[in-house]
Amino acid sequence: MKRRVLNFYRHNWYFVGGIIFVVLSFFMGFWGSLFSPIQVILIFSFMAMLAHQVEEYGYPGGFPTVTNLMVMGEKDIPDRYPLNANQCMISNTLLTYLFYIAAISFPDLIWLGLAQVGLGLFQVLAHGIAVPVRIKRLYNPGLATALFLFLPIGIYYIWYVTINHIASPGDFVPGIFATLGAVVFLFLLPIILLRSKQSKYPFSESEMGRSAGQRF
């Protein structure tokens, strides 16, 4: 039973994240005043990540196909290498959720908040420049939420902590390094450690064949 539940979650965690997004939308609408202004911004940043993951893997989806087949050039087993379903679940839920929640829980650590929104701004560079150049297509799964959610939220957070003299110059340098560290530990390192051509956790046919992947 536990194995079936875990396997279901492994291939549907992004839809579960979408449900969390909806719940948070109502919660913030009714009880958002319980949080400080910085926490509100960081919660919206977390919600942006949840929406981003739905765009990548759920609807329109196709991120595994675009990444493994087109970006990484894996022709033989793009359903499980180098990204596989288990690694993506671990990276995007266990690790990423903890990172985002930590910044929300400790809003006075401005460098950590900068790293949180900085990770979103990194997604803008990845989906807006790096991936389009590689696949020679403008749209790729995750681009819309990167441009319309991560970008304005990140800019607003930086503006808010600067204009209100909350951030010091000493916060920005560790914030940049923490952003780079987050990219490495949340995404790159799990790929390196968990990639295997014999992986038992391939993406499902629906995950590989969703509309965004089929267009490429």
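Treat the numbers as computed from the prediction; the structure is a model and nothing was measured.
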If you take all heavy atoms of [X] and [Y], which pair is closest and at what distance?
X: Leu121; Y: Gly154; result: CD2-CA, 4.2 Å
X: Tyr139; Y: Ala144; result: CE1-N, 4.3 Å
X: Met47; Y: Phe21; result: O-CD1, 3.2 Å
X: Val54; Y: Tyr14; result: CG2-O, 3.1 Å
X: Pro37; Y: Tyr160; result: CB-OH, 3.2 Å
X: Ala126; Y: Pro132; result: O-CD, 3.9 Å

Phe185 CZ: over 12 foreign heavy atoms closer than 6.0 Å = no
Under 6.0 Å from the CZ atom of Phe27, do we count more than 12 heavy atoms belonging to anything else shown?
-> yes
Rounded to the nearest 0.5 Å, what's the gap from [atom1] on [X] to [atom2] on [Y]? Could you check?
X: Ile90; Y: Leu193; atom1: CD1; atom2: CG; answer: 10.5 Å
X: Leu83; Y: Thr65; atom1: CG; atom2: OG1; answer: 10.5 Å
X: Met89; Y: Tyr9; atom1: CE; atom2: OH; answer: 7.5 Å
X: Ile20; Y: Gln53; atom1: CD1; atom2: CD; answer: 9.0 Å
X: Phe172; Y: Ile158; atom1: CZ; atom2: CD1; answer: 6.5 Å
X: Leu143; Y: Glu56; atom1: CG; atom2: CD; answer: 10.5 Å

Going by the side-chain hydrogen bond (donor to acceptor under 3.5 Å, both in side chains) test, name the single residue among Lys200, Arg80, Arg10 that passes it with Asn86.
-> Arg10
Hey, does [Y] have a side-chain heavy atom less than 4.5 Å from the side chain of [X]?
X: Asn92; Y: Leu186; answer: no
X: Tyr97; Y: Leu50; answer: yes
X: Lys75; Y: Leu69; answer: yes
X: His11; Y: Asn7; answer: yes
X: Phe63; Y: His52; answer: no
X: Pro64; Y: Asp79; answer: no
X: Ile38; Y: Tyr157; answer: yes
X: Leu114; Y: Thr179; answer: no

Side-chain donor or acceptor of [X] paired with backbone N/O of [Y] under 3.5 Å:
X: Gln116; Y: Ser45; result: no
X: Glu55; Y: Thr145; result: yes
X: Asn84; Y: Tyr81; result: no

When the ring planes of Phe26 and Phe30 are compared, do they come out parallel, tilted or perpendicular, using 30° and 60° as the limits?
-> parallel
Indicate, with yes or no, if [Y] and [X] share a hydrophobic cluster defined by side-chain heavy-atom contacts under 4.5 Å among Ile, Leu, Val, Met, Phe, Trp and Tyr.
X: Ile77; Y: Met72; result: no
X: Ile41; Y: Phe148; result: yes
X: Ile191; Y: Tyr201; result: no
X: Val117; Y: Phe187; result: yes
X: Phe35; Y: Tyr156; result: yes

Ring-ring centroid check Phe15 Tyr57, cutoff 6.0 Å | no
Would you mind listing every side-chain hydrogen bond (donor to acceptor under 3.5 Å, both in side chains) that reaches into residues 15-37, with sequence neighbours excluded?
-> Ser36-Gln39
Enumerate donor-acceptor pairs with a distance under 3.5 Å from any side-chain N or O in residues 98-110 to protein atoms, sequence neighbours excluded.
residue : atom : partner : partner atom : Å
Ser105  : OG   : Ile101  : O            : 2.8

Let me see the working for Phe122 and Leu180 under side chain to side chain contact (heavy atoms under 4.5 Å, CB included), right down to the final yes or no.
-> CA-CA 9 Å; Phe122 177 85; Leu180 297 176; 5.6 Å; no
